[in-house]
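Step one of this worksheet: look at the structure below.
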Amino acid sequence: MTDASAPITQDVLTIPRKLPEGGKINLVGLTREQLRDTLIAAGTPEKQAKMRVGQIWQWIYHWGVRDFMVMTNLAKDYRALLDEKFEIAVPEIVSKQVSMDGTRKYLLRIAGGHEVEAVYIPEENRGTLCISSQVGCTLTCSFCHTGTQKLVRNLTAAEIVGQVMVARDDLGEWPEQGAPKDETRLVSNVVLMGMGEPLYNFDNVRDAMKVVMDGEGLTISRRRITLSTSGVVPEIAKTAAEIGCLLAISFHATTDEVRDKLVPVNKKWNIETLLNTLRDYPRLSNSERITFEYVMLKDVNDTDADAKRLVKLIRGIPAKINLIPFNEWPGAPYQRSDWERIESFADIIYKAGYASPIRTPRGEDIMAACGQLKSATERARKSRAQIEAEAGL
C-alpha cells in the first residue's frame, strides 16, 4: 500500500446490483423457498406451489431447459403465465479460449455490461470449474492479477449459478430425455477461486451454493465444493453453518510482516486470529480438512525457515498445503520460486506429516491459471512500478 492510512480492502464498495424495475424476474439462482414465494406472488395457488417448484426446478437444473414452453408437464396456460412474468437467464459467453492442456477459459458478460471469467480444468477422474463471485475484487493482494482490478460489484446468486450452467452448456453435459442415464460428470467439482472474495458476498454465494448442491438438479455435493477465502474471519463460522463446503485459505506467508504485503486483509485479521478461527471449522462444517494455499514467490516466502514456520503454525488443524508455483502476469512484481526450492519446501512439509502437492500450472498460455484472471474490459492498465508502489514493495 502507498500509505498507512490507505484502505486495506475496498469492502465499503461491495454494493449489490440494483435489479431493473418492471422487467421479467430471473428464476435462476433462487433457492427453493425463494422460488416458491416468487411463484405464489405471481398467482400460483399456494396448495400447488411446492409441486410447481419441484417441476420447474427439475426442468431448469436437471434438464438445462431455458424455455418455459418446453416444460410439457405444466398446463399450457400456466406455461404462458411463467413466460409472461419470468425468464431463465444465464451469463453470455463473450469469448472462449482453450489451452493446449484442455483448460477452457470463459469471458462472460453479465447485467450492466460487466464481464467476469470462469475456468474449466479437465482432469483424468474429474472436472473442476473455477467460478467468480465478484466483478473485480474487494482485496488488493499484490501477487494476484485480479487484485489489481478494483471491485465493481458483487455477483448475484443467478450470476454465480449461471457460470455452472454455462459451462455445462458448452460441455454438452445436460442429460437427454429418453437417453440412458450417464453417470459421467464433466463438471464434478466447483471451486470459488475465480475473481473476487466470496466471503464479502456471503448471502449470494450461500444461496447459489444451495442451488448447486440441491440433489434434484445440479447435484454437486458440498464435499466437491471448495470456497477459497483470504481470511474474512467473521464469515468463516457462518460458512461452516450455512454452506458446509470445504474451505481453502489463501495463506501465502508465515509472518504478519510478509502477509500484510501479500494479503492486505491480514492487517484486519492477522495470522493468529485467522488460525484460531480455523481450528473449529472442520468440526463445525463436518468437513475433513482445510486446504492452505501457498503461492511460491522467489526470495519472498520460500525459505526452509518459512516451511518450518508454516508447519508449526498449522499444528493441530487437519490440513493439506497446496503449493502453487507463482503464475506470472504482465507487470507482476514477483517471480516464481525455482523448482528445486519449491521441492525442498514441499519436502519439509511432507516430512512433518502433511500432504503438500505442488499444483501443476494449468492454462498459463491463455492466462487462466491461478491468480491470472482479469476480465479484458475491466482491466486496469498498470505498470510494474505502479503495482509495486501500491503493494508497498
Side-chain angles (χ1 to χ4, degrees), residues 64 90-110 115-133 143-146 159-176 179 181-196 198 212 218-221 223-228 245-246 248 250 291 293-296 320 322-330 332 336 339 342-343 346 355-376 379:
V90 298
E92 170 200 350
I93 297 181
V94 177
S95 66
K96 176 180 79 173
Q97 292 173 276
V98 182
S99 167
M100 289 182 291
D101 63 23
T103 298
R104 300 181 183 209
K105 182 169 79 167
Y106 306 103
L107 180 63
L108 304 171
R109 184 171 294 128
I110 55 174
E115 291 171 354
V116 293
E117 289 179 334
V119 175
Y120 173 71
I121 305 159
E123 292 171 78
E124 205 172 312
N125 55 355
R126 65 179 180 179
T128 300
L129 182 68
C130 177
I131 61 175
S132 296
S133 56
F143 62 88
C144 179
H145 201 202
T146 316
E159 290 161 347
I160 297 169
V161 174
Q163 293 172 70
V164 181
M165 297 171 73
V166 162
R168 292 194 68 175
D169 289 350
D170 183 53
L171 294 163
E173 204 189 355
W174 300 105
E176 281 183 50
K181 194 173 179 185
D182 185 359
E183 297 293 347
T184 310
R185 294 300 299 267
L186 296 175
V187 179
S188 63
N189 294 59
V190 168
V191 294
L192 285 143
M193 294 183 185
M195 296 165 64
V212 169
L218 296 168
T219 61
I220 296 175
S221 138
R223 291 182 182 277
R224 288 184 170 272
I225 296 171
T226 302
L227 183 150
S228 176
C245 60
L246 301 180
S250 291
T291 299
E293 296 168 312
Y294 198 95
V295 66
M296 300 297 296
K320 94 169 172 181
N322 258 355
L323 299 179
I324 305 167
F326 176 59
N327 298 307
E328 297 189 25
W329 38 270
R336 178 181 291 182
W339 197 252
I342 297 174
E343 288 184 325
S356 56
I358 300 168
R359 186 182 292 172
T360 306
R362 299 289 300 271
E364 283 185 292
D365 55 320
I366 56 169
M367 288 284 286
C370 188
Q372 289 183 319
L373 298 192
K374 199 164 191 219
S375 70
R379 184 172 286 128

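All values derive from a computational prediction rather than experimental measurement. When a residue number appears, it is its place in the shown sequence, counting from 1.
Counted by atom type alone, T219 and R185 present one or more donor-acceptor pairs between their side chains at under 3.5 Å.
In this structure, R336 contributes its side chain and F326 its backbone to a donor-acceptor pair below 3.5 Å. Side chain of E293 to main chain of I324: no donor-acceptor pair is present (N/O by atom type, distance under 3.5 Å, no hydrogens or angles).
Using a 4.5 Å heavy-atom threshold, the side chains of D170 and Y120 count as separate. At least one side-chain heavy atom of V94 sits less than 4.5 Å from a side-chain heavy atom of E115. With a 4.5 Å cut-off on side-chain heavy atoms, N189 and I220 do not count as touching. When side chains are defined from C-beta on, P198 does not count as touching S228, because their heavy atoms never get closer than 4.5 Å. Using a 4.5 Å heavy-atom cutoff, the side chains of I225 and L246 are not in contact. Residues S132 and Q163 meet the side-chain proximity criterion, which asks for heavy atoms closer than 4.5 Å. Contact check for V119 versus R104: no side-chain heavy atoms found under the 4.5 Å cut-off. At least one side-chain heavy atom of V190 sits less than 4.5 Å from a side-chain heavy atom of I131.
Rounding to the nearest 0.5 Å gives a distance of 10.0 Å between CG of D101 and CD of E123. For the atom pair CG (L227) and CE (M193), the distance works out to 8.5 Å, reported to the nearest 0.5 Å. Annotation: the span from C130 atom SG to L192 atom CG amounts to 8.0 Å, rounded to 0.5 Å. Rounded to the nearest 0.5 Å, atoms NZ (K320) and CG (L323) are 11.0 Å apart. If you take OG1 on T128 and CZ on R224, they are separated by 9.0 Å, rounding to the nearest 0.5 Å.
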Step by step, would you call K96 with Y106 a side-chain contact (heavy atoms from CB on, under 4.5 Å)? CA-CA 5 Å; K96 176 180 79 173; Y106 306 103; 3.6 Å; yes
Does V187 form a side-chain contact (heavy atoms from CB on, under 4.5 Å) with L171? I'd like the steps, not just the answer. CA-CA 9 Å; V187 179; L171 294 163; 3.7 Å; yes
As a quick check of understanding, evaluate side-chain contact (heavy atoms from CB on, under 4.5 Å) for L218 and R168, giving each step before the final call. CA-CA 10 Å; L218 296 168; R168 292 194 68 175; 3.5 Å; yes
side-chain contact (heavy atoms from CB on, under 4.5 Å), that's the test. Do E117 and L108 meet it? Break it down for me. CA-CA 6 Å; E117 289 179 334; L108 304 171; over 6 Å; no
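When all heavy atoms of P91 and E159 are compared, the pair lying nearest together is CG-O, 4.0 Å.
A search for ring-ring contact (aromatic ring centres under 6.0 Å, His included) contacts involving Y294 returns F345, not counting sequence neighbours.
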